[in-house]
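To start, the structure under review is shown below, and the notes come after it.
The sequence lines fix the lettering, A, B, ..., with proteins before strands; numbering per chain opens at 1.
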Amino acid sequence: MSTGEPSREQLLWMYETMVKIRHYEESLAQAYSEGKSPRFDISAGPVPGELHLAAGQEPCAVGVCIHLRPEDTVTATHRPHHVAIAKGVDLKRMTAEIFGKATGLSGGRGGHMHLFDPAVHFSCSGIVGEGLPPAVGAALAAKMQGKDWVAVAYTGEGGANQGAFHEAVNLAALWKLPVVFVIEDNAWAISVAKDVSTAVPRNSDRASAYGVPGVYVADNDTLAVFQAAGEAVARARRGEGPTILEIETYRYYGHFEGDPQIYRPADEVKRLQEKDPIVRLRDHLLREGVLDEASDREVVARAQREVDEAMTFARESPYPAPEEALENVFA
Amino acid sequence: MSTGEPSREQLLWMYETMVKIRHYEESLAQAYSEGKSPRFDISAGPVPGELHLAAGQEPCAVGVCIHLRPEDTVTATHRPHHVAIAKGVDLKRMTAEIFGKATGLSGGRGGHMHLFDPAVHFSCSGIVGEGLPPAVGAALAAKMQGKDWVAVAYTGEGGANQGAFHEAVNLAALWKLPVVFVIEDNAWAISVAKDVSTAVPRNSDRASAYGVPGVYVADNDTLAVFQAAGEAVARARRGEGPTILEIETYRYYGHFEGDPQIYRPADEVKRLQEKDPIVRLRDHLLREGVLDEASDREVVARAQREVDEAMTFARESPYPAPEEALENVFA
Amino acid sequence: MSSRQLTMARAISEAIAQEMERDPTVFVVGEDIGKYGGIFGATQGLLERFGSERVRDTPISETAFIGAAVGAAMSGMRPIAELMFVDFFGVAMDQIYNLMAKNVYFSGGNVHVPMVLMTATGGGYSDAGQHSQNLYATFAHLPGMKVVVPSNAYDAKGLMISAIRDESPVVYMFHKGLMGLVWMPSVRSAQTVVPEEPYTVPIGQAAVRREGKDVTVVAVGLMVHRALDAADALAREQIEAEVLDLRSLVPLDRESILRSVAKTGHLVVVDEDYRSYGLTSEVITTVVEHDLSLLRSKPERVAYPEIPVPYSRPMEQFALPNAEKIAAAVRRTLATSAVA
Amino acid sequence: MSSRQLTMARAISEAIAQEMERDPTVFVVGEDIGKYGGIFGATQGLLERFGSERVRDTPISETAFIGAAVGAAMSGMRPIAELMFVDFFGVAMDQIYNLMAKNVYFSGGNVHVPMVLMTATGGGYSDAGQHSQNLYATFAHLPGMKVVVPSNAYDAKGLMISAIRDESPVVYMFHKGLMGLVWMPSVRSAQTVVPEEPYTVPIGQAAVRREGKDVTVVAVGLMVHRALDAADALAREQIEAEVLDLRSLVPLDRESILRSVAKTGHLVVVDEDYRSYGLTSEVITTVVEHDLSLLRSKPERVAYPEIPVPYSRPMEQFALPNAEKIAAAVRRTLATSAVA
Ligand SMILES: Cc1ncc(C[n+]2csc(CCOP(=O)(O)OP(=O)(O)O)c2C)c(N)n1
Ligand SMILES: Cc1ncc(C[n+]2csc(CCOP(=O)(O)OP(=O)(O)O)c2C)c(N)n1
Ligand SMILES: [Mg+2]
Ligand SMILES: [Mg+2]
């Protein structure tokens with residue numbers, strides 16, 4: 001894809017994908033809450049366990065993944081859905097996995113923090129910073145195989161203080177590997193604010209520690225992410241090495257569902273929602289004539305339908321046989 | 001101690017300590033070789049196991065430790081003797097430890113990579129980067145106890161690519177702790193040269209990733225180390241937070257004794273020895289009239305005598321009873 | 001007052017608070033242990049009471065802050081570091097096992113490392129393979145750390161106070177399902193009467209939770225309660241199981257194991273940690289290497305299979321040890337006895 | 001030609017070279033594995049032959065390069081990553097046990113991780129407590145990794161080729177004292193005839209190194225040779241020991257253990273790794289949980305005590321298992337038999 005201004009098609013894809021992500025996260029939040037009242041019980045309902053939702057962080061997903069091909073590797077974090085959707089992970093099987101069903105990507109073994117779709121080279125994992133080194137390895141593999149495939153490694157701003165971040169960026173820079181390190185700065189690592197975890201205001205400033213470009217995108221701006229990521233991906237594809245791309249973004253939900261959020265200013269989410277990136281992009285598209293009210297309704301309906309179908313698929317799928325737990329330990 | 005120009009007394013202390021360190025390392029190299037010919041056998045002789053010598057790296061030890069008090073903590077690396085000596089570790093008991101004797105600092109349990117002298121708050125360890133977090137903790141303890149004690153953490157330039165480096169510097173910067181991170185850049189990590197391990201030429205440039213001062217001292221210059229370390233220690237003591245101090249230094253010996261050094265340009269050591277820091281400091285002192293030939297002979301004799309006495313003490317000390325191995329697992 | 005009941009989470013935070021009150025060198029570091037009060041509530045209320053100097057939220061830098069705790073412990077402090085989930089040990093294990101655990105030895109006893117590494121264990125609520133492990137043996141196998149696993153609130157408080165006062169490093173592993181959290185299934189019997197005043201429970205002494213003459217069931221943590229449930233069921237079949245709660249893996253109270261088996265002649269060991277190279281074989285071997293004739297039937301183990309913890313509920317529940325499996329193992333071992 | 005002898009180090013590097021020749025996706029990463037040829041010689045000659053693209057010296061960043069190997073293995077490559085000393089696992093364990101070992105399972109088998117994590121184990125040459133450990137059980141306890149420990153050059157080559165070709169991650173642990181290095185004591189009998197052509201030794205099959213009817217001695221790695229020495233000594237006393245070399249801890253060849261003990265009725269297990277929660281109890285439990293009557297005397301373990309490895313020679317030698325201790329254990333176990 002191009003790295004200049006987004007085409008009409010690209011704009012529409014980003015918009016529709018963001019709408020899809022938002023509806024996905026809201027639908028999941030809803031499904032998650034089932035069986036969890038009157039008393040919240042993390043183990044109950046159709047979607048048990050921890051659930052980290054990414055509503056508000058859509059620009060980080062679509063603005064980056066729009067530049068990627070199926071062969072490009074993405075490693076995402078414990079908060080993976082938006083990125084998975086933007087990367088083209090099979091929505092039905094992903095949802096079934098989150099519901100713990102036999103039809104899930106991994107037959108229910110992985111769950112929401114362990115989504116693997118080899119068809120689009122997507123994976124994610126639950127330990128902070130953990131996905132960065134494997135992305136470096138995917139980039140190395142591409143380089144050794146003579147492909148121009150790139151790898152994108154996501155981390156939260158909290159994760160940028162893990163040793164793995166330092167080691168992975170240094171190695172990628174040293175070997176000039178096609179990696180884009182995307183830092184989703186949603187200001188929080190559970191209850192710990194960025195300024196009490198990180199000695200510098202911007203992780204993109206850490207790029208100078210590795211001699212690579214560091215770009216900071218302010219205020220969750222989808223078009224600015226598109227631009228910055230386009231350059232970073234193109235640079236990687238040209239064999240010029242990694243980039244650190246930090247994106248200021250918004251976390252609408254708690255860290256995980258059920259988070260009492262006592263640490264968070266009461267009106268923070270409301271303030272963020274007033275600048276909602278989907279609304280902003282929609283307004284832009286309407287202004288630019290890329291979208292009108294009618295086509296918007298169509299886009300939204302299509303996106304929502306896809307999500308709803310995935311949810312239905314997941315709900316209607318059978319659970320795995322318990323004893324299948326013993327399979328697939330080894331390849 | 002002052003942070004300006006070194007006093008006469010300071011100059012003499014640094015010189016004498018460097019001479020002592022050099023003689024120590026040379027004496028140990030000698031002792032190490034005993035029992036290891038005609039065939040080199042790492043397990044044989046009075047000093048078995050790995051031995052990492054620091055001859056050539058004396059400026060990193062004396063130029064920093066001259067600013068320290070006994071209560072200031074130092075964590076050193078697998079190459080610890082020069083720093084231990086400059087920090088004032090009991091030379092006899094340290095040597096006995098290296099010889100595996102009952103009179104050693106730890107009764108022979110630790111050996112050359114695990115020297116602990118709580119009297120001068122010195123310790124070292126064998127895993128690269130491992131000593132950095134504990135130094136941060138010592139600084140935290142000082143701060144919480146309301147002391148103006150500082151902590152100095154040593155690492156090689158190779159170690160600056162460990163995750164522990166990133167995490168430790170970030171934490172120290174964030175909490176504004178009195179730590180000086182000293183990076184001894186001797187150009188090699190065993191056989192791996194700095195430019196094939198580190199994505200930037202100078203680790204001091206990584207200071208900007210933590211918002212702390214980063215200082216680079218070129219060419220193993222004792223007086224420049226004195227100056228830079230003095231400022232860093234004073235800054236720490238004033239409660240203004242950590243500094244990264246990278247010192248270009250020389251490794252005269254192999255990585256460990258017995259290292260075939262096939263990776264190293266044949267004349268590298270010779271070229272370095274032509275710029276020997278002890279000779280340079282000695283010339284300076286003679287030029288400045290701080291030292292004359294006669295007092296030099298005295299200094300050298302005194303330093304060497306102290307080392308020789310420590311070696312004798314170590315050699316003459318008994319081995320621990322074998323079954324004492326079972327003691328001191330728990331406090 | 002004397003019948004005040006506490007959850008295990010409250011018992012732990014009370015123990016820490018009382019020790020912080022008593023000893024100014026005690027402090028807490030970890031992720032989300034301040035305002036949040038610890039993800040599993042072990043540090044609830046401490047920030048409000050002791051302030052952010054002594055209750056320190058950290059970056060997500062386990063190597064740095066656990067290593068800093070080691071350094072602080074060597075410098076006159078008594079830190080409690082929380083590793084949020086035991087599953088995360090892999091990012092910081094070097095500081096844990098190569099420094100925290102070994103510095104006492106390396107220094108010939110001249111340096112003490114009086115710190116507590118507190119961490120959450122256990123699954124059963126569909127948190128999948130990186131957030132549900134127990135890993136008791138991973139720590140217990142390596143020398144230099146005490147490894148404590150409380151099974152109820154009374155012990156949790158007393159063992160925490162012992163751990164804080166210990167001059168050696170103590171890994172304190174609390175099972176999430178025992179903490180009495182309202183938001184996950186919790187074993188009700190882990191909530192017990194807890195005296196208000198500080199007290200210690202010695203580290204290294206197992207406790208007989210139920211006396212019985214027919215079979216010894218050995219367990220730790222949550223599995224003690226599963227074993228007690230099994231014992232209840234077995235009692236209805238006239239099988240009297242003795243349930244032994246080890247309370248710590250290091251030191252391992254081998255005498256108590258031997259004493260019980262000497263009485264019952266039969267042994268079942270239960271572990272929520274992975275089966276192979278773990279607690280179950282260590283306990284069984286403790287018996288047979290001491291005296292093979294103590295056992296009148298072949299011992300059984302009921303443990304987690306050698307698989308990562310699966311996410312999907314039916315799979316996870318299938319893999320977890322439970323009262324039925326324990327009771328079945330007891331019946332099996334008593335049945336072979338008849339044959340032998 | 002057919003009687004060509006190789007050291008274990010040469011056998012390993014030959015195996016890697018032949019697989020690199022055969023399969024362009026095989027490559028090596030690690031510290032000092034290029035010009036230096038690996039600190040223990042396992043990659044000798046590879047850089048010269050295959051160049052720095054496929055033989056990659058790394059920064060001292062185990063988390064990054066082992067994690068990169070995982071990522072590369074998921075992307076069509078077959079990396080061999082060298083962790084210089086197993087003692088260093090703590091800086092990179094998360095990538096090892098939470099990704100390398102679990103991604104196959106997490107993906108429901110849709111992703112393969114065909115990589116080898118090769119690492120050096122063992123002490124005996126005064127390298128102290130952070131450079132002398134074995135840690136077999138640390139890896140074997142955690143699911144998803146095969147754990148291979150060769151005891152001689154023939155096996156080393158065949159097991160390495162099997163490991164490289166395996167679709168699952170294999171931890172390949174070579175003992176320094178078996179490598180045939182000229183600069184440290186090396187067991188001469190680890191040097192064996194090694195065929196020039198590539199061949200495989202299946203992972204998960206133990207080997208009987210010496211047949212005997214009186215007692216089974218189980219060991220891995222260097223300890224196999226100590227056990228054989230002990231067997232020689234015992235033979236002079238008319239005691240015929242059967243020595244079983246497990247060759248891998250995961251999979252553990254339980255059948256071979258049972259078969260041998262069924263024959264001999266007596267069991268001694270030897271391990272240079274820490275005694276508690278380790279290999280020795282797993283092997284002993286394998287027997288007694290199968291059939292208590294297989295053992296005619298109480299089993300013995302000869303293992304490393306629960307102490308960090310001390311530096312000083314007399315202390316370290318005191319702590320290490322050796323032929324004398326093994327022979328003594330055999331005599332003890334046979335003596336109790338007579339009593340029982
Ligand atoms: C190594 C490690 N430490 C701690 C955690 C627990 N944890 C999970 S998510 C999280 C916060 C992550 O913050 P950030 O990286 O900013 O990502 P975000 O949740 O904001 O998307 C923490 C501490 C973990 N999973 N792994
Ligand atoms: C985590 C870890 N990885 C690898 C090693 C092996 N090792 C010991 S010293 C060393 C090189 C260290 O280089 P540097 O930090 O530059 O220090 P120098 O030896 O030059 O003083 C290596 C790789 C180790 N001890 N720890
Ligand atoms: Mg965040
Ligand atoms: Mg160096």
Please classify the contact between B/T75 and chain C as side chain, backbone, both or neither, with a heavy-atom cut-off of under 4.5 Å.
neither

Tell me, side chain or backbone of C/V113 under 4.5 Å from chain B's heavy atoms, or both, or neither?
neither

Do the side chains of C/R56 and B/M144 get nearer than 4.5 Å, heavy atoms only?
yes

NE2 of C/H112 to CZ of B/F330: how many Å apart, nearest 0.5 Å?
12.5 Å

pair C/I66-B/P133: side-chain heavy atoms closer than 4.5 Å:
no

With the side chain counted from C-beta on, respond yes when B/F116 and C/N103 share a heavy-atom pair under 4.5 Å apart, and no when they do not.
yes

To the closest 0.5 Å, what do you measure between NZ (C/K102) and CZ (B/R109)?
15.5 Å

Of the backbone (N, CA, C, O) and the side chain (C-beta and beyond), which part of C/V170 lies under 4.5 Å from a heavy atom of chain B, both, or neither?
neither

C/E53 side, atom CD; B/L140 side, atom CG - distance, nearest 0.5 Å:
8.0 Å

Could you check which of C/R54, C/K146, C/E167 has the highest count of heavy-atom pairs closer than 4.5 Å to chain B?
C/K146

Whatever's closer than 4.5 Å to a heavy atom in chain C on B/E327 counts as backbone

So, taking the atom named CE in B/M113 and the one named CZ in C/F106, what distance separates them when rounded to the nearest 0.5 Å?
9.0 Å

About how many Å separate CD1 of B/I127 and CG of C/D94, when rounded to the nearest 0.5 Å?
5.0 Å

Measuring heavy-atom distances to chain C, does B/W149 have an atom under 4.5 Å in its side chain, in its backbone, in both, or in neither?
neither

Chain B interface, residue from C/S75, C/P59, C/P114, C/A101 that has the most non-hydrogen pairs under 4.5 Å
C/S75

Between C/P24, C/S61, C/A73, who has the most heavy-atom pairs with chain B when the cutoff is under 4.5 Å?
C/S61

Quick one: what part of C/M100 sits under 4.5 Å from any heavy atom of chain B, side chain, backbone, both or neither?
neither

Taking all heavy atoms of C/A64 and all of B/E167, pick out the closest pair and write down the distance.
N-OE1, 2.9 Å

Could you check whether any side-chain N or O of C/N110 sits under 3.5 Å from a backbone N or O of B/L105, counting only pairs where one atom can act as donor and the other as acceptor?
yes

Measure distances from B/A138 to the heavy atoms of chain C and classify the residue's part below 4.5 Å as side chain, backbone, both or neither.
both

For B/L174, is it the side chain, the backbone, both, or neither that has a heavy atom closer than 4.5 Å to a heavy atom of chain C?
side chain

Closest non-hydrogen atoms of C/A72 and B/A141, given as atom of the first, atom of the second and distance, are CA-CB, 4.1 Å

Pick whichever of B/S123, B/P118, B/G107 has the most heavy-atom pairs under 4.5 Å with chain C.
B/P118

Just one of C/L99, C/V70, C/T63 clears the side-chain contact (heavy atoms from CB on, under 4.5 Å) bar with B/E130, so which one?
C/L99

Toward chain C, the part of B/A325 with a non-hydrogen atom under 4.5 Å
both

For a 4.5 angstrom cut-off between non-hydrogen side-chain atoms, does B/Q145 reach C/M77?
yes

Examine whether an atom of C/F65 lies under 4.5 Å from a heavy atom of chain B, and if so say whether it belongs to the side chain, the backbone or both; otherwise answer neither.
both

First locate atom CG of B/N170, then atom CD1 of C/I60, and finally report the distance between them rounded to the nearest 0.5 Å.
11.0 Å

